[in-house]
Amino acid sequence: MSMLTNTLGRYFAGRFVVAALGVFASIFLLLVLVDYIEMVRKTSGLASASAIMVAETSLFRVPQLLEKLTPFCMLIGAMTCYLALSRRLELVVARAAGISAWQFIAPALGSALLIGVVATVAYNPMSANLRELSKRMEAELFGSAPGGGIQDASGFWLNQVTSDGQTIINAARSEQQGIRLTGLTLFRFDTQQHFKERVEAREATLEAGHWMFKGVRRFSLDAPPIDQASLEIPTTLTEAQVRNSFSTPETVSFWQLPNYIRSSESSGFATAGYRLQYQKLLAQPFLLAAMVMLAASVSLRFFRMGGVQKMVLSGVGAGFLLYVLSKVTEDLSKAELMHPIAAAWLPVVVGGLTGFLALLYQEDG
């Protein structure tokens with residue numbers, strides 16, 4: 001019996017992994033296609049944009065988009081796996097051999113936990129790095145064209161005050177969490193808050209104690225425009241302060257989040273978003289396992305008993321409600337109305353208990 005259980009366990013785990021990876025691959029290709037079409041539309045007026053570079057930019061952007069859909073991919077993959085096993089009567093054979101529902105769900109739960117661990121410690125850093133690479137490629141594609149790339153018309157804004165006066169910086173695109181900016185417009189004021197000049201620059205890099213601007217054109221009220229190869233403007237901002245101003249928690253990899261949390265605390269910035277993201281990544285393996293529980297609770301009914309469409313719709317509805325719950329708790333946590341640990345783990349607990357109780361009622365009730 002132990003040999004039979006181990007053999008069936010490996011078989012069910014393999015079927016589940018294949019179904020989950022198939023859903024991942026399908027959604028990945030769909031996202032690549034949609035994003036590529038959008039990028040082609042944006043770069044249609046740029047003579048320097050090649051089809052290969054546009055495709056690579058879209059390809060590097062998609063992994064981070066797909067990461068947000070990981071729980072739904074797991075839900076759909078598990079439902080597909082169990083419905084296929086039920087349609088082929090393999091679940092009937094397993095039950096006839098004395099295998100309970102809990103025994104053929106366990107391999108999928110273990111596989112989901114393993115996939116979640118890999119997604120947290122390996123896939124998340126990879127997607128963050130690819131996202132930064134895609135930003136660099138977007139900067140090459142759009143050059144200094146204002147409003148290019150993925151940002152909206154307002155772009156990024158930064159205000160700094162030094163002994164020379166005030167400087168307001170607007171950047172169309174940000175790379176490396178704000179350390180490198182492209183498509184810049186600066187408004188400089190003297191110490192008396194009188195307008196001094198407007199500066200346009202192709203790119204800027206934060207260095208020790210100053211911003212280094214390149215491809216500069218300076219406009220003033222009483223002189224014609226002046227072109228310069230570079231311009232150095234002093235700053236009191238540090239890399240940690242700039243990163244906390246420009247970066248979002250989703251663009252920081254799992255291994256860098258603890259350092260960001262510590263630097264935000266020492267700089268006096270809010271850390272709720274970073275703490276929430278860190279807890280969400282820690283809870284991700286268990287969230288995927290909870291999705292498997294939900295999928296199993298609506299997918300183990302035999303095909304000959306009917307009602308398959310209702311089961312599928314109820315599974316999708318349960319996943320959607322869990323997504324709504326996670327967004328509500330996320331907003332509450334970012335508003336500092338809920339602790340990040342509670343906000344990240346509450347959807348996991350609710351989803352897992354819902355699937356567990358449903359399975360318990362079906363199998364032992």
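Being a predicted model, the structure only gives us computed values, none of them experimental. Computation of the quantities below employed the complete heavy-atom set of this structure, encompassing side-chain atoms and omitting hydrogens, waters and symmetry-equivalent molecules.
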All N/O donor-acceptor pairs, side-chain side in residues 343-358, below 3.5 Å, sequence neighbours left out:
unit_1 : atom_1 : unit_2 : atom_2 : d
W345   : NE1    : Q279   : OE1    : 3.2
T354   : OG1    : V350   : O      : 2.7

| request: Could you go through the side chain to side chain contact (heavy atoms under 4.5 Å, CB included) check for S253 and N129 one step at a time? | output: CA-CA 8 Å; S253 71; N129 291 334; 5.7 Å; no
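- Of the inter-residue distances, the one linking M338 atom CE with L332 atom CG reads 5.0 Å to the nearest 0.5 angstrom.
- Between the CD atom in E232 and the NE2 atom in H210 there is a gap of 4.0 Å [rounded to 0.5 Å].
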| message | Working note: Y123 + V118, criterion side chain to side chain contact (heavy atoms under 4.5 Å, CB included); need CA distance, chi angles, decisive distance, verdict. | response | CA-CA 6 Å; Y123 184 82; V118 173; 5.5 Å; no
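- In this structure, E200 does not pair ionically with R217, as no charged nitrogen and carboxylate oxygen lie closer than 4.0 Å.
- The two atoms that bring A272 and E336 nearest to each other are CB-CG, 4.0 Å, heavy atoms only.
- A donor-acceptor contact shorter than 3.5 Å is absent between the side chain of E56 and the backbone of A51.
- Not a single donor-acceptor pair under 3.5 Å links the side chain of S333 to the backbone N or O of T329.
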| request: Walk me through it: do V199 and F219 pass the test side chain to side chain contact (heavy atoms under 4.5 Å, CB included)? | output: CA-CA 6 Å; V199 180; F219 302 86; over 6 Å; no
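- Here the CZ atom belonging to F187 is positioned 15.0 Å from the NZ atom belonging to K196, to the nearest 0.5 angstrom.
- The shortest side-chain heavy-atom distance between L29 and L33 does not fall under the 4.5 Å cut-off.
- Shown here for F16 and A112, the closest heavy-atom pair between the two residues is CE2-N, 4.0 Å.
- Note that OG of S58 is 10.5 Å distant from CZ of F60, once rounded to the nearest 0.5 Å.
- Under a hydrophobic clustering in which Ile, Leu, Val, Met, Phe, Trp and Tyr are joined whenever their side-chain heavy atoms come within less than 4.5 Å, directly or via other members, I341 and L337 fall into different clusters.
- Cluster annotation: L21 and V23 are assigned to the same hydrophobic cluster (Ile/Leu/Val/Met/Phe/Trp/Tyr, side-chain heavy-atom contacts under 4.5 Å, transitive).
- Of the candidates Y260, F254, W255, F254 is the only one forming a ring-ring contact (aromatic ring centres under 6.0 Å, His included) with Y278.
- Looking at heavy atoms from C-beta onward, I115 lies in side-chain contact with M74 at the 4.5 angstrom threshold.
- The aromatic rings of F189 and F195 sit perpendicular, their planes meeting at an angle over 60°, well past the 30° parallel limit.
- Between I52 atom CD1 and L59 atom CG the span is 12.5 Å, to the nearest 0.5 Å.
- The two atoms that bring G116 and L288 nearest to each other are CA-CD1, 3.5 Å, heavy atoms only.
- Between the side chains of S127 and E67, at least one donor N or O lies within less than 3.5 Å of an accepting N or O.
- For the side-chain hydrogen bond (donor to acceptor under 3.5 Å, both in side chains) with Q166, the lone residue among T191, N159, D190 that qualifies is N159.
- Proximity of L85 to F12: side-chain heavy atoms (C-beta onward) are separated by under 4.5 Å at one or more points.
- For Y323, the ring pair (Phe, Tyr, Trp, His ring centres under 6.0 Å) criterion is met by F72, not counting sequence neighbours.
- Nearest heavy atoms, V298 versus S314: CG1-OG, 3.5 Å.
- With contacts defined as side-chain heavy-atom distances shorter than 4.5 Å, the pair V161/T167 does not qualify.
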| message | The test is side chain to side chain contact (heavy atoms under 4.5 Å, CB included); show your working for L322 and L294 and say whether it passes. | response | CA-CA 10 Å; L322 197 61; L294 282 177; 4.0 Å; yes
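- At a threshold of 4.5 Å between non-hydrogen side-chain atoms, the residues R218 and L231 count as touching.
- Between L281 and T120, the shortest heavy-atom contact is O-OG1, 2.9 Å.
- For the pair V216 and D227, the minimum side-chain heavy-atom distance is 4.5 Å or more.
- Closest of all the heavy-atom pairs between L184 and A204 is CD1-N, 3.4 Å.
- Here the CD atom belonging to E203 is positioned 10.0 Å from the CG atom belonging to L181, to the nearest 0.5 angstrom.
- Considering only heavy atoms from C-beta on, R61 stays 4.5 Å or farther from L31 through its side chain.
- With hydrophobic clusters built from ILVMFWY side chains whose heavy atoms lie under 4.5 angstrom apart, L130 shares a cluster with M137.
- Between the side chain of Q192 and the backbone N or O of H194, no donor-acceptor pair lies under 3.5 Å.
- With hydrophobic clusters built from ILVMFWY side chains whose heavy atoms lie under 4.5 angstrom apart, F320 does not share a cluster with I76.
- Linking Ile, Leu, Val, Met, Phe, Trp and Tyr residues whenever their side-chain heavy atoms come within less than 4.5 Å places L360 and M293 in a single cluster.
- At a threshold of 4.5 Å between non-hydrogen side-chain atoms, the residues E330 and K280 count as touching.
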